[in-house]
Participant: 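Pasting in a structure now, in structure tokens, and then I'll have a few things to ask.
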Amino acid sequence: MTGVQGFLDQLGARKQLDAEPSWIAARRQAGAARFEAVGFPNRKNEEWKYTDVSAIAKQQFALTDNADFDRAQLDAMMLEIDAYRMVFVDGVFSAELSSLDGLEGDVSVEPLSQALASNHEAVGGALGRLNNVDFSAFSALNAAFTAEGAIVRIGRRVALDKPVYLLFVSRKQDAPIMTHPRVIIEAGSQSEATIIEHYIGEEGAANLTNVVSELFVEKAAHLVHYKLQEASTQEFHIASVHIEQARDSHYRSFNLNLGGSIARNDLVAELNDENAVCDYYGLFFGRGRQHMDNHTKVHHNAPRTYSNENYKGILDDRARGVFNGLVHIKRDAQQVRGYQNNANLLLSDRAEIDTKPELLIYADDVLCSHGTTTGQLDERAVFAMRARGLDEAMARGLLTLAFAGEVLDSVNEPNIALRVERAVAGKLPDRFNLQDLVEAQDA
Amino acid sequence: MLEIKDLHASIDGTEILKGINLTINPGEVHAIMGPNGAGKSTLSAVLAGNEGYEVTQGTITFEGEDLLEMAVEDRARAGLLMGFQYPVEIPGVKNVYLLKAALNAQREARGEGEIPAPEFMKLVREKLAYMKMDNSFLQRAVNEGFSGGEKKRNEILQMLVLQPKLALLDEIDSGLDIDAMKVVSQGVNSLRSEDRSILMVTHYQRLLNHIEPDVVHILMDGRVVKSGDKTLATEVEDRGYDWLTEGSVA
Ligand SMILES: Nc1ncnc2c1ncn2[C@@H]1O[C@H](COP(=O)(O)OP(=O)(O)OP(=O)(O)O)[C@@H](O)[C@H]1O
Ligand SMILES: [Mg+2]
């Protein structure tokens, strides 16, 4: 069975958590009830106006409980970075493929199931606090199926020496699988850390990944959060990312989307106290018939909070993109600055973008701006580069990369930048070597 | 080096070049002069491979090859390089990156490997100094925010790095102050050799004092109406162009 009932039927089939705490069971029921009541969003729903999820509703997805995956294959797919790594295969944690060696001090990086088993009460405060079951039908579904995920707790004043790398692998199976991971990040006051969420899949994997992330950025904490989505072009990827920021905290998000048949990201940041700074960087690159939808919200709930957003969309073939960015400034949240920019590049006549910036301002002493542009590659520049001997693909690739530059140049993880670069522009002469060289010579 | 025979070209159905004949031998410098709208830039554009123009008749042979059959990038790799009248700004692409990619494309076409980075930097620094440009130009996006004169210098910088067999220079002197004129001319003159040729378009004899041509052609209404030595340039500077068509009407 498919549709809402088909999904609910799977609830009975799912693997029970050992001694499930009652609050989890209650959330599960609330999620299921909510999902049953609202069903899948349709296009009459303003938030889903341009994104049709009927392909998800029509599909029957099974659950899995094994994490078998070939090590060598994984090595070839994952980022080559020195990091504390947790690997999830179709949502199931694999201790074997993970590597948390050397993690010490006041930091914990655990699968959610383990954290719940050892001290569920310590999880109860965070899980679901930012993402209520009524945020969206998919959030409700995630709550109903809560089972696994990642929980990262960074203690007060800890500066992590390496990034935490959360790798989600989607396998190609006979029958499609659904997973509903939950990611919880607690960045303690004055801590500093980089979190990398990475979604990859085998070619042809057509699963549903429906993830909810909740990030708590405490006083004066600095958190850099990469979300690199490189799933197969048949995967359904739905993500809700919720951020809560305390005084003097700095959160920086890189939301990089290259994969997925339908990829939808919701980002919601709550800037709750003075001098909280939130940077949203985004890049989406769609080809074929990919559909990429980013909905971002920043709530300035306190005076002197700052946000800065830059999203770049690149669409080729018949790909479709959606950008919806809301900057909301609450009453009396004075001296706020909120900047938003969305620029899109259409590489084909049949690619399409729907973009909608929104400002909701209820304070009078604020500085806000938003801008959106959509254009094509400058053919005169393509010609000028070819007239110097660059082949057409490289000329177009370089210009496309140049368009992405404002976002990519801020990416401080070279391996991530390189992945995006390759996807967008094909293989190019080594950018980083060249840069090093020129800098060394100028010094 | 280059042989153009009975070349006709049109844009949007309007014929602009109406039968051009021109031969450039290795080592020669040719100048093309002519009134506005005569078709000088059109000729350069057709040589460089701009697809906006349709060649309706005639042939162009470059180093024994049929130039019209070659893609834009292949012409450049084979050594035919165009210095644009209006160099395009390419935001986000660093000058140094374009230079390196261009040089490597040329080397690859010759079956050579990529140039080692230190060697490349040495070469580029040397040429940069020659053009009296400082190192910061390498890190800037191609032509972005460059002054008119800086753009022209940058075109010649690319020539010096890429060492074309045939350099096409379209009004490389326009917008240059006296000092820049000297630097640019020196750059162009340094390209001169027994096996390199230059074809330059200009309105002013002044440039030809700096870069002495072997042959001067006068292009009017899509045809070469007169060719001669450098004294022809002085003559048109004094008398204008009208006398060249009088009498040829019949
Ligand atoms: N799209 C077009 N349709 C029709 N005519 C065109 C088009 N583009 C250019 N032309 C014409 O072609 C003619 C030749 O132009 P070209 O730029 O080659 O002249 P030029 O000799 O370089 O002149 P200048 O000295 O002013 O640079 C001009 O009359 C111009 O108006
Ligand atoms: Mg011209």
Side-chain angles (χ1 to χ4, degrees), chain A residues 283 310 312 314 341 343-345 373 375-411 417-418 420-421 424-443, chain B residues 45 48-52 71-84 86-109 114-118 120-122 124-125 134-136 138-139 141-144 155 158-159 161-162 164 168:
Chain A
L283 182 83
N310 196 352
K312 300 261 180 175
I314 304 167
N341 186 48
N344 304 294
L345 177 65
T373 56
Q376 279 120 34
L377 285 185
D378 179 354
E379 291 300 327
R380 290 171 319 143
V382 174
F383 180 77
M385 293 168 94
R386 292 179 65 198
R388 293 291 171 262
L390 277 63
D391 65 45
E392 185 168 354
M394 187 187 275
R396 290 184 186 280
L398 278 176
L399 290 172
T400 307
L401 260 192
F403 170 80
E406 276 173 39
V407 170
L408 269 189
D409 290 349
S410 304
V411 169
L418 205 60
V420 178
E421 210 171 276
V424 170
K427 195 174 178 313
L428 295 168
D430 203 327
R431 170 170 94 121
F432 292 93
N433 281 346
L434 187 69
Q435 209 141 21
D436 290 349
L437 191 85
V438 174
E439 276 153 17
Q441 173 251 312
D442 282 349
Chain B
N50 190 324
E51 282 137 11
V72 180
E73 52 269 40
D74 293 331
R75 299 179 191 201
R77 291 170 189 173
L80 187 151
L81 277 194
M82 160 101 167
F84 290 95
Y86 304 106
V88 180
E89 300 196 2
I90 314 180
V93 176
K94 284 182 182 172
N95 232 355
V96 66
Y97 199 100
L98 178 63
L99 285 170
K100 193 176 186 224
L103 185 58
N104 281 331
Q106 194 188 73
R107 290 171 65 106
E108 201 187 306
E114 287 198 2
I115 184 168
F120 170 73
M121 287 316 301
K122 189 169 167 284
V124 169
R125 252 183 299 168
D134 68 54
N135 283 351
S136 69
L138 291 180
Q139 292 296 341
V142 180
N143 295 326
E144 194 182 32
E155 294 290 289
Q158 294 172 359
M159 300 268 173
V161 171
L162 299 173
L168 294 171

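Note on naming: letters A, B, ... go to the chains in the order of the sequence lines (proteins, then strands), and numbering restarts at 1 for each one.
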Participant: State, to 0.1 Å, how close A:A387 and B:F84 come at their nearest heavy-atom pair, and which atoms those are.
Facilitator: CB-CZ, 3.9 Å
Participant: Count the heavy-atom pairs under 4.5 Å between each of A:A384, A:A395, A:A402 and chain B, then report the option with the highest count.
Facilitator: A:A402
Participant: Can B:E89 and A:R380 be counted as an ion pair, charged N to O under 4.0 angstrom?
Facilitator: no
Participant: Taking side chain as everything from C-beta outward and backbone as N, CA, C, O, which of these in A:D391 sits under 4.5 Å from a heavy atom of chain B? Side chain, backbone, both or neither.
Facilitator: both
Participant: So do B:E51 and A:R386 actually touch side chain to side chain, heavy atoms under 4.5 Å?
Facilitator: yes
Participant: Do other residues, nucleotides or ligands put more than 12 heavy atoms under 6.0 Å from B:E108 CD?
Facilitator: no
Participant: Sort B:N50 into side chain, backbone, both or neither according to what part of it lies under 4.5 angstrom from a heavy atom of chain A.
Facilitator: both
Participant: Should A:L398 and B:L98 count as side-chain neighbours, where that means a heavy-atom distance under 4.5 Å?
Facilitator: no
Participant: How long is the straight-line distance from CD of B:E73 back to CZ of A:F383, given to the nearest 0.5 Å?
Facilitator: 10.0 Å
Participant: Measuring heavy-atom distances to chain B, does A:E392 have an atom under 4.5 Å in its side chain, in its backbone, in both, or in neither?
Facilitator: both
Participant: Does the side chain of A:M385 reach to within under 4.5 Å of the side chain of B:I90, using non-hydrogen atoms?
Facilitator: yes
Participant: Determine the minimum heavy-atom distance between A:G389 and B:A76, stating which atoms define it.
Facilitator: N-CB, 3.4 Å
Participant: For B:M82, is there any backbone N or O sitting under 3.5 Å from a side-chain donor or acceptor partner on A:R388?
Facilitator: yes
Participant: Could you check which of B:Q158, B:Q106, B:R75 has the highest count of heavy-atom pairs closer than 4.5 Å to chain A?
Facilitator: B:Q158
Participant: If I take atom CG from residue A:L390 and atom OH from residue B:Y97, how far apart are they, to the nearest 0.5 angstrom?
Facilitator: 9.0 Å
Participant: Considering non-hydrogen atoms only, spot the tightest contact between A:M394 and B:A101 and give its length.
Facilitator: SD-CB, 4.1 Å
